[in-house]
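Whatever order the structure lists ligands and atoms in, that order sets their numbers, starting from 1.
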Amino acid sequence: MIRTGRHFLQIPGPTNVPDRILRAMDSPTIDHRGPEFAKLGRDVLEGIRTIFKTRGSVVMFPASGTGACEAALVNTLSPGDRVLIFETGWFSHIAWRQPAERLGLVVEYVPGTWRRGASPDEVAARLGSDTQHTIKAVVVVHNETSTGVTSRIADIRRAMNRARHPALLMVDTVSSLASIDYRHDEWEVDVTATGSQKGLMVPPGLSFNAVSEKALAASKTAKLPRAYWDWEAMLKNNQSGFFPYTPATNLLYGLREALNMLQEEGLENVFRRHARHGEATRAAVRAWGLELVCEEPLEYSNSLTAIFTSEGHNADRLRDIILEHFDMSLGTGLGKLAGKAFRIGHLGAFNDLMLAGTLAGVEMGLRLAGVPYREGGVMAALNTLTAERQGEPVYQ
Ligand code: PLP
């Protein structure tokens, strides 16, 4: 089929890579042990810290986000350590529980409904009853990409502190960093794991750990085997801007440009933009009469929205029809949401008209697929977007 114009990539990551970043990557690969690289390395290692809101170290691996999750575990824990992982959806399982079990950790997987975030009360209860402090880490996915639910990390940290429990706090920000407010230092997170391909607007292939002093200290005695993911060699080389092995040089050019773009817009404005788009998308869903997967308004995700199709209407068929007719990719339902829900990504390099086009594609698709809905979702979103621009804030 002949396609004209631009494809709409509205999955919740990888996200659309802005032309500025594509152009920045379109440069010769340089000697990764030479002086020009050292400057690039130092620039991005320094710049990325502001995005995590940390004064501490951030390490980068040439890997996808899952690599950063594995790195968080192997650098800080020992075989047989107990780890509390909150079931928030597909990614709490595939990126954390499964690797942790394969690595020989003892996982306490706190059951969840996939419609709410990790419960701070549950954190308090589980840690409160662990009087011997056998739980070594608490793992939470900040923004569960399979459900569009954002967990409240500040509240979880407060619950940990109230319980006076020394477990490390590990947070997955793969689909929230640089799109939803996140504060590594202020929330006393020990390891934040993320990837390049979502809020950071860079193609897939870079992953990151922001590391607290406490996590660094834990890494000195942690006994899980590690080689490629070892922070020590990484941090030693990073001091002079280098890496212990071949870095993803061209992705780092892209990252440098992404950091410039985020700085120009201002991180708080980036969060506000995502909040507007999240709110407008939810206004459309409400107007359509469809149901959000997230059932707790305090935990609505601003980077993506997961939506149930009505009973008897396969969400993947809807997605196929939208791809075929309108050249737009939407996120599939993952795990137990397969066929039942679809996801709209509204993160990264994105603006009001891209959102309007995205929602128009969904509304037309609903009609073509015969999914029962009420008309007016796009209009509701437009009203939300323009009301805000006329100085009537519709979000906090
Ligand atoms: N965690 C979350 C919340 C994710 O959304 C993803 C991927 O989408 C991952 C982990 C795994 O990252 P990757 O697919 O880059 O390995």
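Contact check on R23 versus D26 returns no salt bridge, with no Lys/Arg side-chain nitrogen under 4.0 Å from an Asp/Glu carboxylate oxygen. A salt bridge does not link D155 to R162: none of the charged nitrogens lies less than 4.0 Å from a carboxylate oxygen. A salt bridge is defined here as a Lys NZ or Arg NE, NH1 or NH2 lying under 4.0 Å from an Asp or Glu carboxylate O, and E108 with R82 meets this definition.
Placement of I30 and L252 within a single hydrophobic cluster is found when ILVMFWY residues are connected by side-chain heavy-atom separations under 4.5 Å, directly or transitively.
Protein residues are said to neighbour a ligand when one of their heavy atoms lies under 4.0 Å from it; for ligand 1 these are S64, G65, T66, F91, A95, V141, N143, T145, D172, V174, Q197, K198.
Once rounded to the nearest 0.5 Å, the distance linking CZ of R343 with CD1 of I307 reads 11.0 Å.
Counting heavy atoms from C-beta outward, F86 and I156 have side chains that stay 4.5 Å or more apart.
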